[in-house]
Amino acid sequence: MKDQKLGKILIIDDNEDLLKAAKIFLKRHFEQVDTESNPGLIPILMVNEQYDVILLDMNFTKDVSSGQEGFYWLDRILTIDSSAVVVLITAYGDVTTAVKAIKEGATDFVLKPWENEKLLATLHAALKLRKSKIEVIQLKDQQQQLLQDMDRKFKDIIGQSTAMQKVFETIDRVAATDANVLILGENGTGKELVARAIHRNSKRHREAFVGVDLGSITTSLFESELFGHKKGAFTDAKEDRAGRFEQANKGTLFLDEIGNIPLALQAKLLATLQNREVTRVGTNKPVPVNIRLVSATNMALHNMVYENSFRQDLLYRLNTIEITLPPLRERQDDIPLLANHFIEIYSKKYNKDIRKAGEALIKRMQKYHWPGNIRELQHSIERAVIMSKHSVLQPEDLFTQNHILPEKQDEMVSLEHLNIEDVEKILIRKALQKHNGHITRAAEELGLTRSSLYRRLERYGL
């Protein structure tokens, strides 16, 4: 099996015979070999192609042997690309010229006429140096990015709108305290990201952040999941297990979908928060816990208190500080930032050459209602990146291929233009609106189980 050809070589020399001979020989060893007799074209060549090694003649004017032309073009090349690897060629091999060339940035120096094997060895060594230079640059870039990320307190939350600046200010004020925080907002607005930002900027940031999706825990497993159990406490309890409260000890406990807890279980959660201790299922021994509590919901808890479906005393425990996340339709200034952020992520993931969202698409997105908020935007961008043939995303990439409805259009549209998924999304949205985001009630209305509804919410980015 032949060695894989690697590296792009550019040879600049006014001797056409030398160029032809060099190209014939080197093409057997490198993936691309370009030749040029006019050094004035070097800047154009370097703009259009990224060469790994440049072989550069020292003299282009007849009867001149000073090498000054070579030094001039060496300087131009390194000005264009400071990481370029240049091997100089000359028929006049005095040591003084060679030393000066190396000092001014050349990688190596070869004499002509050269021996093929010696030239090949020189180019392979230069190729390794080029690879090392690129790796160093990449490491520096990564280090710079890490330093920038460390300087950004809210690196995972993208937003510069006035509404988000208020959220950042609140996080900044409360993070260093141990106050309980309740995060309110529609599905897909980024409530967990805010919870993690609070933890990361708190005094507990070196300890665990433990998240619990209360909406997905069945009533029978609620106590076991949160408080733990002893081996043999019930049929599937085959070993002692710490609950989420114990796992989060000294750190932050994030209770997501807090509004979905049935009343009977709310009392148990309240008792745990008041006493700051848990009792594992199957034991009578309380275990003290020290946690910072952050909760989140898309439901109107204050209304639920009036409806007697949520305990007022539990709400008081949860919402020492409230943070309300704005829906995406109220953050239109952030849509270009979010869209291009997701384009960058998914272009890399799917190896697509898509640079950004076009102006027409941005304007269209800013008019759309985004009922699924950032999660819907993210999933729509991912699908558009996969399917698009453009280097800049256009409106048809998002609003046709992803079946997104026209902007701010009433959902009571003609069903003959929709497929089953469109109809199902409309029904789910209306059921959630009718029941103020209450998952259990919406599922009952739709004739679905809670888990089936959750799967559909995730699938449609709602």
Side-chain angles (χ1 to χ4, degrees), residues 174-183 191-192 194-297 299 301 304-305 308-322 439-440 450-451 454:
V174 306
T177 73
D178 254 355
N180 292 341
V181 179
L182 176 63
I183 306 169
K191 295 186 288 294
E192 184 175 345
V194 171
R196 290 184 180 276
I198 291 170
H199 173 72
R200 189 166 53 247
N201 291 282
S202 74
K203 297 175 183 177
R204 298 173 180 261
H205 68 278
R206 296 186 184 278
E207 305 295 339
F209 175 94
V210 178
V212 189
D213 181 1
L214 296 176
S216 64
I217 298 177
T218 61
T219 302
S220 59
L221 293 177
F222 178 86
E223 288 186 82
S224 173
E225 283 290 321
L226 264 63
F227 312 138
H229 61 250
K230 183 176 175 59
K231 180 179 179 182
F234 49 89
T235 304
D236 293 329
K238 298 178 180 179
E239 59 184 1
D240 290 353
R241 181 186 173 193
R244 302 300 177 89
F245 271 85
E246 287 186 68
Q247 293 170 14
N249 192 41
K250 297 183 180 180
T252 300
L253 179 65
F254 174 52
L255 299 181
D256 199 6
E257 302 289 357
I258 191 77
N260 289 308
I261 305 178
L263 269 171
L265 298 178
Q266 291 177 26
K268 295 180 179 180
L269 177 60
L270 177 62
T272 299
L273 296 176
Q274 287 176 333
N275 299 326
R276 293 286 171 172
E277 60 184 24
V278 296
T279 302
R280 293 188 182 184
V281 177
T283 73
N284 294 316
K285 182 180 179 181
V287 178
V289 289
N290 173 13
I291 55 108
R292 169 47 166 321
L293 182 67
V294 180
S295 308
T297 184
M299 300 170 70
L301 293 188
M304 292 174 66
V305 168
N308 295 318
S309 58
F310 200 87
R311 293 180 63 114
Q312 187 176 51
D313 47 3
L314 177 57
L315 178 58
Y316 289 154
R317 280 282 171 184
L318 301 175
N319 74 336
T320 305
I321 299 294
E322 279 188 14
I439 298 294
T440 301
R450 282 164 54 91
S451 58
Y454 269 111

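Atoms CG and CG, from Leu270 and Asp313 in turn, are 4.5 Å apart once rounded to the nearest 0.5 Å. How far NE2 of His199 is from CZ of Arg206: 11.0 Å, rounded to the nearest 0.5 Å.
Using a distance-only test at 3.5 Å, with no hydrogens or angles considered, a donor-acceptor pair links the side chain of Gln266 to the main chain of Ser309. For Asn275 (side chain) and Glu277 (main-chain N/O), no donor-acceptor pair under 3.5 Å exists by modelled atom type. With hydrogens and angles ignored, the 3.5 Å screen pairs no side-chain donor or acceptor of Thr283 with any backbone N or O of Thr279. Judged by distance alone, the side chain of Arg317 and the main-chain N or O of Gln312 form no donor-acceptor pair under 3.5 Å. Judged by distance alone, with hydrogens and angles left aside, the side-chain atoms of Glu207 form no donor-acceptor pair with the main-chain N or O of Lys250 at under 3.5 Å.
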Run the side chain to side chain contact (heavy atoms under 4.5 Å, CB included) test on Leu255 and Leu293 for me, step by step, so that the C-alpha distance in whole Å, both residues' side-chain angles and the decisive distance to 0.1 Å come before the verdict. CA-CA 8 Å; Leu255 299 181; Leu293 182 67; 3.6 Å; yes
Chi angles and distances behind the side chain to side chain contact (heavy atoms under 4.5 Å, CB included) call for Ile183, Glu192: CA-CA 9 Å; Ile183 306 169; Glu192 184 175 345; over 6 Å; no
Could you please spell out the steps behind the side chain to side chain contact (heavy atoms under 4.5 Å, CB included) verdict for Val194 and Val181? CA-CA 10 Å; Val194 171; Val181 179; over 6 Å; no
For side chain to side chain contact (heavy atoms under 4.5 Å, CB included), just list the numbers for Ile261 and Ile217, CA-CA rounded to whole Å, side-chain angles, deciding distance to a tenth of an Å, and then say yes or no. CA-CA 9 Å; Ile261 305 178; Ile217 298 177; over 6 Å; no
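Taking the six-membered ring for Trp and thresholds of 30 and 60 degrees, Phe222 and Phe227 have ring planes more than 60 degrees apart, a perpendicular arrangement.
In terms of heavy atoms, Ala175 sits closest to Ser202 at O-CB, 3.2 Å. Taking all atoms of both residues into account, the shortest heavy-atom contact from Gly259 to Thr297 is N-OG1, 3.7 Å. Residues Thr320 and Asn180 share a closest heavy-atom pair of CB-O, 3.3 Å. Nearest heavy atom pair, residue Phe254 against residue Ala296, reads CE1-CB, 3.6 Å. A pairwise comparison of heavy atoms in Ile291 and Ala248 identifies CG2-O, 3.4 Å as the closest pair.
For the residue pair Asn319 and Glu322, a side-chain donor N or O sits within less than 3.5 Å of a side-chain acceptor on the partner. Using modelled atom types and a 3.5 Å distance limit, the side chains of Arg196 and Asn201 yield no donor-acceptor pair.
Residues Arg244 and Leu253 are in side-chain contact: their nearest non-hydrogen atoms beyond the backbone lie under 4.5 Å apart. Counting only heavy atoms from C-beta outward, the side chains of Thr272 and Phe245 approach each other to under 4.5 Å. For the pair Leu226/Val278, no side-chain contact is recorded, criterion being any heavy-atom separation below 4.5 Å from C-beta on. Side-chain atoms of Ile258 and Leu318, non-hydrogen and from C-beta on, do get closer than 4.5 Å to each other. Two residues are said to be in side-chain contact when any heavy atoms from C-beta on lie closer than 4.5 Å; Val287 and Asn249 fail this criterion. Arg276 has its side chain out of reach of Pro288: every pair of non-hydrogen atoms, C-beta onward, lies at least 4.5 Å apart. No side-chain heavy atom of Asp256 sits less than 4.5 Å from a side-chain heavy atom of Leu214. By the 4.5 Å heavy-atom criterion applied to side chains, Phe310 and Leu315 are counted as neighbours.
When each of Arg241, Lys268, Lys230, Arg280 is tested with Glu223 by the rule salt bridge (Lys or Arg N to Asp or Glu O under 4.0 Å), just one qualifies, namely Lys268.
In this structure, Arg204 pairs ionically with Asp178, as a charged nitrogen and a carboxylate oxygen lie closer than 4.0 Å.
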